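Here's the structure we're looking at; comments come further down.
Keep in mind that the numbers below use all heavy atoms, side chains included, and drop hydrogens, waters and symmetry copies. The model shown is predicted, which means the values in this text are computed figures rather than measured ones. When a residue number appears, it is its place in the shown sequence, counting from 1.
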Amino acid sequence: MTDHPTLALADAIATQLADPGTGPLVPQEHRQHLAYGPPGIALLHIERAASGLGPWQRAHDWLAAASRQPVTSGPDSHPFYGAPAFAHALACAADHLPSAYQRALDTIDRQVRADARRRLDAAHRRIDAGRLPKLAEFDTIRGLTGYGAYLLRRDPDDSTLRAILDYCVRLTEPITHHDETLPGWWTETGPSGSPDDHRFPGGHANSGIAHGIGGVLALLALAARNGTVTDHHHTALHTILVWLDRWQQKAGCGPTWPYWVTRTELRTGRLNPSAPRRPSWCYGTAGLARAQQLAALALGDTGRQIDAENALVAALTDPNQLKATTDLGLCHGVAGLAHVAARTAEDAHPSTMGRLRAAIPPLLNAITQPGNDPERMATDLVRNAEPGPGLLDGAAGIALVLLAPSAAAPPQAAWDACLLTA
């Protein structure tokens with residue numbers, strides 16, 4: 001085992017998650033879940049094997065555990081559950097072992113594209129009827145943005161991907177609802193996806209990467225950087241950026257963006273005052289700063305790029321925002337901050353790259369707590385029932401972040417494509 005504390009902890013976690021038959025029990029309802037179940041844990045072993053740090057057999061065992069029963073497709077699946085979730089893990093493995101996985105991947109890809117097409121048809125019918133969307137229609141975790149993330153990773157020239165990008169452009173167009181003009185991604189529910197007339201009367205516009213327009217921004221930006229551009233693509237990017245500019249606030253030494261905008265805030269033009277919020281991947285400044293950096297790179301806007309990078313530096317060095325970050329996970333914890341910082345630093349302007357890289361070691365130290373026994377820490381993380389051992393909140397996601405402690409080398413298996421961070 002390496003003496004480096006981050007790699008030592010990652011190794012200890014991987015060892016405790018080596019065998020799906022003897023490790024922590026994954027509930028049956030999570031068997032096909034990328035966030036909590038075997039597909040996400042498989043990503044840890046795929047990345048380690050691709051990096052020469054572990055055997056491919058562990059990855060295969062977790063993929064087999066995910067597919068032991070028929071994989072769910074159709075309306076009961078989504079990017080983080082069922083066929084698309086399994087496809088993401090399988091694609092990461094097939095990049096390195098095509099002879100073992102490509103045939104199965106080709107089959108499941110056809111199902112993913114068919115499901116995405118059905119969702120697109122329903123979404124366009126909804127827009128044609130003048131109705132507001134549900135978050136699950138378009139978001140990264142459950143919706144078409146997540147399908148787009150997968151298809152962009154598989155083939156930037158894919159026709160279904162282009163149809164999703166066309167839909168994303170259409171989503172940014174304003175919609176008139178009850179004689180009021182709203183952004184096209186406005187939803188009548190609360191952030192949970194359920195009606196919430198107490199906290200969100202009239203609904204909200206969600207900003208997050210996981211469930212809001214931030215994910216759409218990241219997808220459109222990544223597609224443009226890959227050379228896949230549809231009609232009015234740049235106009236859609238500008239529309240989202242102007243919206244974020246409109247609701248930008250100042251916190252500490254830099255800007256922040258709200259998790260969402262309520263109907264009252266939209267009508268008054270003012271955000272309700274709130275305590276500092278955690279600058280996580282899923283919501284808040286970290287994910288949105290990366291998405292805006294990607295958009296600026298796609299548009300060739302160096303000034304906006306530097307502003308976005310400085311916003312992330314400010315968030316990662318603001319004691320009040322960091323104090324609000326109370327867990328270690330990838331979704332809304334310290335590991336997520338370290339990963340977003342590393343991905344942002346890879347593309348950063350020379351004037352901000354050094355400060356971004358300097359912000360990463362303190363985050364990693366907060367995870368590893370130097371001086372503590374990595375075996376004991378791994379046990380605590382893997383056996384913690386509340387976040388579970390999985391990718392998004394649990395030990396597998398933390399270990400994936402720890403595999404690149406210097407932030408100098410990007411992942412070998414593109415496991416984070418599902419997060420739209422790269």
Side-chain angles (χ1 to χ4, degrees), residues 5-6 9 191-192 199 204 206-212 214 244 247-262 265 270-293 307-345 348 352 354-372 377 380-381 384-388 391-395 397-402 405 407 419 421:
T6 54
L9 179 55
S192 69
R199 293 181 59 216
H204 78 295
N206 198 293
S207 305
I209 298 293
H211 296 299
L244 292 174
W247 297 103
Q248 178 179 299
Q249 294 178 293
K250 187 171 176 60
C253 297
T256 64
W257 294 272
Y259 287 9
W260 46 68
V261 175
T262 68
E265 290 168 337
R270 296 191 306 274
L271 293 170
N272 293 329
S274 63
R277 285 175 160 161
R278 59 193 179 197
S280 57
W281 164 75
C282 55
Y283 279 108
T285 302
L288 285 173
R290 173 59 170 165
Q292 290 180 81
Q293 179 207 37
D307 286 347
E309 293 160 5
N310 280 327
L312 182 56
V313 171
L316 298 181
T317 54
D318 180 358
N320 289 324
Q321 292 186 65
L322 292 177
K323 187 177 179 181
T325 306
T326 57
D327 72 87
L328 299 181
L330 187 58
C331 181
H332 44 257
V334 179
L337 296 183
H339 181 66
V340 170
R343 279 305 205 179
T344 305
T352 57
R355 284 179 296 139
L356 279 166
R357 293 202 183 280
I360 296 171
L363 297 170
L364 297 177
N365 287 340
I367 298 172
T368 59
Q369 301 169 29
N372 286 354
M377 289 188 65
D380 291 343
L381 289 169
N384 188 337
E386 185 174 349
L391 172 71
L392 212 52
D393 295 323
I398 293 169
L400 276 163
V401 172
L402 295 177
L419 305 178
T421 51

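By the 4.5 Å heavy-atom criterion applied to side chains, Ser207 and Leu288 are counted as neighbours. Annotation: side chain of Tyr283 is not in contact with side chain of Arg278 (no heavy-atom distance under 4.5 Å). In this structure, the side chains of Leu337 and Pro279 come closer than 4.5 Å at one or more pairs of heavy atoms. You'll find the side chain of Leu392 reaches within 4.5 Å of the side chain of Leu419, heavy atoms only. Within the 4.5 Å cutoff, no side-chain heavy atoms of Tyr259 are placed close to those of Pro191. Considering only heavy atoms from C-beta on, Leu312 stays 4.5 Å or farther from Arg290 through its side chain.
Residues satisfying the ring pair (Phe, Tyr, Trp, His ring centres under 6.0 Å) criterion with His332, sequence neighbours excluded, are absent altogether. Arg343 pairs by the salt bridge (Lys or Arg N to Asp or Glu O under 4.0 Å) definition with Glu346, Asp416, not counting sequence neighbours. The side-chain contact (heavy atoms from CB on, under 4.5 Å) search around Pro370 returns Asn365, Thr368, not counting sequence neighbours.
The minimum heavy-atom distance between Ala348 and Leu356, with the atom names listed, is CB-CD1, 3.7 Å. Scanning both residues, Thr285 and Ala311, for their nearest heavy atoms gives CG2-O, 3.9 Å. Annotation for Glu265 and Val261: closest pair OE1-CA, 3.5 Å, computed over non-hydrogen atoms. Nearest approach of Ala324 to Arg277, heavy atoms of both residues: CB-C, 4.0 Å. Between Leu271 and Pro258 the shortest heavy-atom distance is CD1-CG, 3.9 Å. The shortest non-hydrogen separation linking Ile360 to Ala341 is CG1-CB, 3.7 Å.
Taken to the nearest 0.5 Å, the CD atom of Glu386 stands 9.0 Å off from the CG atom of Asp327. Considering CD1 of Ile398 and CG of Asp393, their distance stands at 9.0 Å, rounded to 0.5 Å. Considering CG of Leu328 and CD of Gln369, their distance stands at 7.0 Å, rounded to 0.5 Å. A distance of 7.5 Å separates OG1 of Thr256 from CD of Gln248, quoted to the nearest 0.5 Å. Expressed to the nearest 0.5 Å, how far OG1 of Thr6 lies from CD1 of Ile367 amounts to 9.0 Å.
Although no hydrogens or angles enter the test, the distance criterion places no donor-acceptor pair under 3.5 Å between the side chain of Glu309 and the main chain of Thr344.
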